[in-house]
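Working notes, structure below.
Residue indices begin at 1 and follow the sequence shown.
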Amino acid sequence: MAEPVLIANLTREWVASLRRWHLELFFIPTTVVTLATMLVNPVLMACILVSRALRQETRYLLVVNILAADMLFLTLNLAIVILNAAEAEVPWLLCELVTAVTVTAYCCAILTVTLMVVDTYAAVRWPLHYHDLLPPARTRRILLGAWLLAATYPFTLVILMEVEKGNPHETVAVCLVLISLGIVQAKNMAGIHIYFFVAALICTVLIFYCYIRLYMVTRTQGIWQNRFSRARITLLAHGVLLLLYFTPGFVFTLELLLFQNKNVSQDVRVWVSTVNMCVFMLLPRAFAPYLYGLRYHEISDTLLQLLHRRLSQITAS
């Protein structure tokens, strides 16, 4: 019974800190940003999927995947924020499943961003063999593998926690990824940190290797000389989005460290977790449609054609 009591006490203390600092008001900007993004992402996905030419290209399939992962993440994140603000009692098993899917969506987005960099490298490095290396069918299999890879560890943790825990009907006053993983980390601290560290290290090494090799291959072609060249703008867009996607992960690692540090006050933990969940986690999802979607002329042209066609139909009727 020690673990259920610990979880119940943690969630009650968390709610008390939220109420004391009125941090539940963070759900307002979270809702606005989420709804705005959820309106844009399906439109961009539709533009790609309805166009046979666009959905045959690897880079656009990657864009669709990252937009889909972001939508799943935003939906669950908003649901958690609203439930926590309303102090709704949530079954612990449901909280664990939501945590697993949330972590899966976040990790899949990171993997997809990394694959975008690898795709750009392959297109520049082997332009004549690029379509043979990454045909649409192979790209779809790679994306399916990315989802399975991202889901393996969090769902394994859920299964292990349910096997060890004796009360499947327990409810909690607040559902947070931090608390779910923090409880697991208390039993297996090395496992959590190794998982996040190795995953981040592999993605970072791949990204830096591809960018360094890209620069070495293209530096003699004159594409970097113009301050506003397409190469520089593409690199800037990739860099900004990579920073935005990776920063919340590093902050979350800090959250896990603070969670286990008894010398840190509960208010500090709640503030850091709330700001990361309601601000940092949303920034890359808010910018992604514009940096990776509308920046492509093919997508914006398809969107304008669909809007023009729709307006023509409305006018004709």
In terms of hydrophobic clusters joined by side-chain contacts under 4.5 Å, are Phe73 and Leu94 together?
yes
Specify the closest pair of heavy atoms between Leu244 and Pro284, including all atoms of both residues, with the distance to one decimal.
O-CG, 3.4 Å
Please report the closest heavy-atom contact between Thr152 and Thr156, naming both atoms and the distance.
O-OG1, 2.6 Å
Taking all atoms of both residues into account, what is the closest heavy-atom pair of Leu133 and Arg138, and its distance?
O-NH1, 2.8 Å
Side chains of Arg140 and Pro136, heavy atoms from C-beta outward: is any pair under 4.5 Å?
yes
Minimal non-hydrogen separation, Pro289 against Leu44, with atom names:
O-CD1, 3.4 Å
For the pair Arg269 (side chain) and Leu258 (backbone), establish whether a donor and an acceptor sit closer than 3.5 Å, ignoring hydrogens and angles.
yes
Do you reckon Val240 sits in the same ILVMFWY cluster as Phe280, going by side-chain contacts under 4.5 Å, direct or chained?
yes
Got a second to check how far Thr37's OG1 is from Leu74's CG, nearest 0.5 Å?
5.5 Å
With a 6.0 Å cut-off on ring centres, are Phe26 and Trp21 close enough?
no
Starting from the C-alpha separation in whole Å, work towards a yes-or-no answer on side chain to side chain donor-acceptor pair (under 3.5 Å) for Thr58 and Thr139.
CA-CA 6 Å; Thr58 298; Thr139 301; 3.0 Å; yes
Indicate, with yes or no, if Ile28 and Val81 share a hydrophobic cluster defined by side-chain heavy-atom contacts under 4.5 Å among Ile, Leu, Val, Met, Phe, Trp and Tyr.
yes
Please say yes or no: joined through hydrophobic side-chain contacts below 4.5 Å, possibly via intermediate residues, are Leu282 and Phe250 part of one cluster?
yes
Donor + acceptor pair across side chains of Asp132, Trp126 (<3.5 Å):
no
Could you walk me through whether Trp14 and Asn84 satisfy the side chain to side chain donor-acceptor pair (under 3.5 Å) test, starting with their C-alpha distance in whole Å, then the side-chain angles of each, then the deciding distance to 0.1 Å, before giving a yes or no?
CA-CA 10 Å; Trp14 201 277; Asn84 292 344; over 6 Å; no
Between Val63 and Leu67, is any pair of side-chain heavy atoms under 4.5 Å apart?
yes
Could you check Asp70 against Tyr245 for side chain to side chain donor-acceptor pair (under 3.5 Å), going step by step and ending with a plain yes or no?
CA-CA 11 Å; Asp70 285 351; Tyr245 270 105; 2.5 Å; yes
So, does Thr114 use its side chain to make a donor-acceptor pair with the main chain of Ile110 at under 3.5 Å?
yes
Cation-pi between Arg213 and Tyr121: NZ/CZ under 6.0 Å from ring centre and within 45° of the ring axis?
no
Gap separating the OG1 atom of Thr104 from the CG atom of Leu111, nearest 0.5 angstrom
10.5 Å
So, taking the atom named OH in Tyr130 and the one named CD in Glu57, what distance separates them when rounded to the nearest 0.5 Å?
7.0 Å
Should Met71 and Arg285 count as side-chain neighbours, where that means a heavy-atom distance under 4.5 Å?
no
Which value, rounded to the nearest 0.5 Å, describes the distance between Met277 atom CE and Thr30 atom OG1?
8.0 Å
Please tell me if the side chains of Asn65 and Cys108 come closer than 4.5 Å, counting only heavy atoms from C-beta onward.
yes
Answer whether the closest heavy-atom distance between the side chains of Ser17 and Trp271 falls below 4.5 Å.
no
Does Tyr153 reach the side chain of Val103, with side-chain heavy atoms less than 4.5 Å apart?
no
Between the side chain of Arg55 and the main-chain N/O of Ile48, is any donor-acceptor distance below 3.5 Å?
no
For residues Val275 and Val174: do they belong to one hydrophobic cluster (side chain heavy atoms under 4.5 Å, members Ile, Leu, Val, Met, Phe, Trp, Tyr)?
yes
So, are Arg59 and Glu298 salt-bridged, with charged N and O less than 4.0 Å apart?
yes
Shortest non-hydrogen contact from Phe246 toward Ala200
CE2-O, 4.4 Å
Would you sort out whether Arg19 and Glu24 count as a salt bridge (Lys or Arg N to Asp or Glu O under 4.0 Å), showing the intermediate values?
CA-CA 7 Å; Arg19 286 286 174 260; Glu24 68 276 3; 3.1 Å; yes
side-chain contact (heavy atoms from CB on, under 4.5 Å) with Val270: of Val268, Thr274, Asp267, only one passes, and it is Thr274
If you define the side chain from C-beta out and look only at heavy atoms, does anything of Val177 sit under 4.5 Å from Tyr106?
no
Just so I know, are the side chains of Val113 and Leu62 near enough to count as touching, which here means a heavy-atom distance under 4.5 Å?
no
Reported SG-to-CD distance for the pair Cys175 and Glu96, which is rounded to 0.5 angstrom:
9.0 Å
Nearest-0.5 Å distance, CG of residue Leu254 to CZ of residue Phe252:
11.0 Å
What is the minimum heavy-atom distance between Leu39 and Val43, and which atoms define it?
O-CG2, 3.3 Å
